[in-house]
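Hydrogens, waters and symmetry mates are skipped; everything else that's a heavy atom, side chains included, is used.
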Amino acid sequence: MANGVTTDKVNLPAGESLKPVQCIGVPREVFPGEKRVATVPEVVEKLIKLGFTVAVESGAGDLANFSDEVYRAAGAQVIEGAAKLWAASDIVFKVRGPTTDEVALMHEGQALVSFIWPAQNPELMRQLADRKVTVLAIDSLPRTLSRAQKMDALTSMAGVSGYRAVIEAANAFGRFFNGQITAAGKVPPAKVFIAGAGVAGLAAIGTAASLGAIVRANDTRAEVADQVTSLGGEFVKVDYEEEGGGGGGYAKVMSEGFQQAQRAMYASQAKEVDIIITTALIPGKPAPKLITAEMVKSMKPGSVIVDMAGEQGGNCELTEPGQAVVRHGVTIVGYTDLASRLSKQSSTLYATNLFRLSEELCKTKDGIINVNMEDDAIRGLTVIKEGNITWPTPAPKLPAAPPAAAKPAAAAPAAKKAHGHGAPSEPMAGNKLAIMFGVAALLFWFVGANAPAAFLAHFTVFVLACFVGYMVVWNVKPALHTPLMSVTNAISSIIAIGALVQIAPPLVGASVDRPDDWIRWLAAAGIVLTAINMFGGFAVTQRMLAMFRK
């Protein structure tokens with residue numbers, strides 16, 4: 001390895017040179033309390049298959065339970081010391097943005113992939129630009145692009161944080177989440193209110209509901225109400241009409257009228273619930289204050305507030321970022337490292353996001369990245385290109401609208417007329433249906449007038465069975481056929497009973513004639529086929545229900 005470029009000694013044809021391969025470096029995170037690492041051994045193997053070499057600073061994964069030996073086994077080179085790691089790397093994967101000391105270790109032409117938050121860190125942006133490096137800010141990914149979802153580290157980390165917020169709330173809360181009836185008395189379920197139903201909020205809703213709590217949630221975006229309900233929560237609506245979608249999956253700053261109505265709703269919830277989890281953030285702005293000191297005072301002693309916006313100032317007026325404090329008998333958790341508290345899980349998800357980004361940067365799988373500024377996703381991520389600040393990024397190009405379908409030419413007057421009387425063509429379907437019913441009625445009359453009475457009774461049952469079968473199965477959408485199998489088992493059982501009656505010998509002293517042999521064989525075949533349908537229906541239904549069990 002020389003200057004971050006490695007060459008493997010292989011036998012090449014005369015006159016051909018070996019193409020250099022870029023090295024991805026993963027330094028140890030130096031931010032206080034940060035336990036995550038930017039890649040994991042499982043992903044190292046995948047990066048090597050893309051053609052890269054991977055170097056990891058010794059001890060980089062220790063806090064996430066990934067030892068140096070595991071990285072070596074995956075094919076990574078373990079380097080002692082941050083200075084050597086940065087010098088040997090063409091591309092650097094990080095979790096937190098680099099410190100001033102780390103920026104000083106960077107060299108011209110190097111690429112950095114990390115959380116940067118360019119709007120909040122203009123000085124860091126200037127320092128990086130001075131080093132003439134290329135910076136891809138994973139937090140600047142255009143989230144409106146469907147193909148960018150696999151690279152969306154913000155969503156991955158928010159999901160982990162939402163889960164961990166509920167765990168921290170349960171740890172600080174003095175009771176069970178689920179209601180219980182025990183010999184010692186009845187324990188009511190905890191009531192949890194979640195402010196903000198973005199990715200983190202939805203993860204918190206699902207986790208709290210799975211623990212048995214009564215969950216309520218609110219969001220300025222009305223479209224998330226169905227998502228809240230589907231996860232087992234109750235959507236609490238603000239008594240004020242205003243749309244809160246700000247684009248890109250974020251909320252916008254609401255009007256003063258809406259905020260007053262929202263504060264009134266929050267004040268009402270604070271008096272009723274046991275736990276409040278706040279997740280409200282607006283890109284590039286301080287966290288909005290949703291929970292006032294007066295609301296905290298109104299909460300029941302022993303209640304808990306988990307403020308997930310602590311790093312941006314907090315949604316609660318009494319939050320102290322990075323700490324858990326008790327105010328007015330209420331525990332207020334303002335931890336800023338919720339994702340880091342599940343370091344192994346969050347590191348794995350983040351590493352996978354960066355691997356998906358690497359696939360987009362190295363589509364040729366030759367170990368060389370191509371920062372293609374014509375690609376909307378890559379352009380959105382790139383905040384500095386070879387020392388030139390390219391942030392803020394332009395809005396992604398919208399796909400071209402499909403060409404409008406040509407309007408059908410007006411039909412000639414002669415075509416609009418049917419049989420020369422000007423009748424439209426649509427009623428013809430009704431006329432055909434009436435004719436078909438008329439023919440069927442004549443056929444049934446003919447059968448009824450000439451067939452024996454015993455045959456007529458069976459024929460009537462047969463016709464009704466065909467009609468019922470059509471309405472129950474044939475006339476239902478295919479997506480519902482599997483659930484209907486359990487319903488049609490009732491019909492199958494009726495068929496089985498009828499066939500058993502035909503097979504069973506007559507009772508002693510009964511004057512009923514036994515059916516012919518061919519009828520008995522037909523009944524036996526019916527029992528076999530019906531049994532297959534019945535048992536198969538129950539088996540398929542049970543497998544379908546098992547998919548929804550935990």
Side-chain angles (χ1 to χ4, degrees), residues 23-44 46-47 52 54-68 70-71 76 78-79 82 85-86 89 91-103 105-106 110-118 120-121 124-125 127-128 133-141 150-164 199-200 281 308 310-312 321-322 335-358 361 381 383-384:
C23 175
I24 296 176
V26 181
R28 179 165 47 185
E29 297 295 324
V30 297
F31 189 87
E34 182 57 69
K35 299 178 182 179
R36 291 172 291 178
V37 62
T39 198
V40 299
E42 176 185 350
V43 174
V44 166
K46 298 178 181 179
L47 292 172
F52 298 103
V54 181
V56 180
E57 182 182 354
S58 179
D62 286 350
L63 297 179
N65 297 313
F66 297 111
S67 65
D68 292 347
V70 178
Y71 279 109
V78 177
I79 296 179
L85 186 282
W86 283 85
S89 304
I91 310 155
V92 176
F93 284 178
K94 273 185 59 60
V95 179
R96 297 273 186 171
T99 63
T100 301
D101 292 338
E102 288 177 318
V103 172
L105 297 175
M106 300 187 71
Q110 202 169 36
L112 171 67
V113 182
S114 176
F115 283 103
I116 298 295
W117 304 106
Q120 291 94 327
N121 298 294
L124 174 61
M125 291 284 289
Q127 293 176 5
L128 291 168
V133 297
T134 296
V135 179
L136 283 77
I138 200 70
D139 48 87
S140 297
L141 180 74
K150 61 185 179 182
M151 302 178 278
D152 191 357
L154 279 175
T155 295
S156 299
M157 297 301 100
V160 175
S161 298
Y163 172 87
R164 183 67 190 197
V199 176
L281 283 173
M308 296 183 62
E311 196 163 4
Q312 303 301 325
Y335 297 148
T336 58
D337 60 346
L338 289 172
S340 183
R341 288 170 179 257
L342 286 170
S343 57
K344 188 166 188 174
Q345 180 67 77
S346 54
S347 296
T348 302
L349 294 175
Y350 183 64
T352 302
N353 293 138
L354 296 194
F355 167 69
R356 297 303 180 188
L357 172 59
S358 301
L361 292 171
L381 285 166
V383 295
I384 298 177

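Pairing each heavy atom of Thr336 with each of Gly322, the nearest pair is CG2-N, 3.7 Å. Looking at every heavy atom in both residues, Gln110 comes nearest to Val133 through O-CB, 3.3 Å. Gly25 and Pro27 make their closest contact through O-CD, 3.6 Å (heavy atoms, listed as atom of the first residue, atom of the second, distance). Scanning all heavy atoms of the two residues, the minimum distance from Pro41 to Val70 falls at CG-CG1, 3.3 Å. Considering every non-hydrogen atom in both Glu311 and Arg96, the closest pair reads OE2-NH1, 2.9 Å. When all heavy atoms of Ala64 and Ser347 are compared, the closest pair comes out as CB-OG, 3.9 Å.
For Asp337 (side chain) and Glu34 (main-chain N/O), no donor-acceptor pair under 3.5 Å exists by modelled atom type.
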| ring-ring contact (aromatic ring centres under 6.0 Å, His included) between Phe93 and Tyr350, intermediate numbers included | CA-CA 10 Å; Phe93 284 178; Tyr350 183 64; 8.3 Å; no
| Can you check side-chain hydrogen bond (donor to acceptor under 3.5 Å, both in side chains) on Asp152 and Thr155, steps first, answer last? | CA-CA 6 Å; Asp152 191 357; Thr155 295; 2.5 Å; yes
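With contacts defined as side-chain heavy-atom distances shorter than 4.5 Å, the pair Leu349/Val160 qualifies. Under the 4.5 Å side-chain criterion, counting only non-hydrogen atoms from C-beta, Arg164 is not in contact with Tyr335.
Checked options Leu128, Val103, Leu136; the residue passing with Leu112 is Leu128 (criterion: side chain to side chain contact (heavy atoms under 4.5 Å, CB included)).
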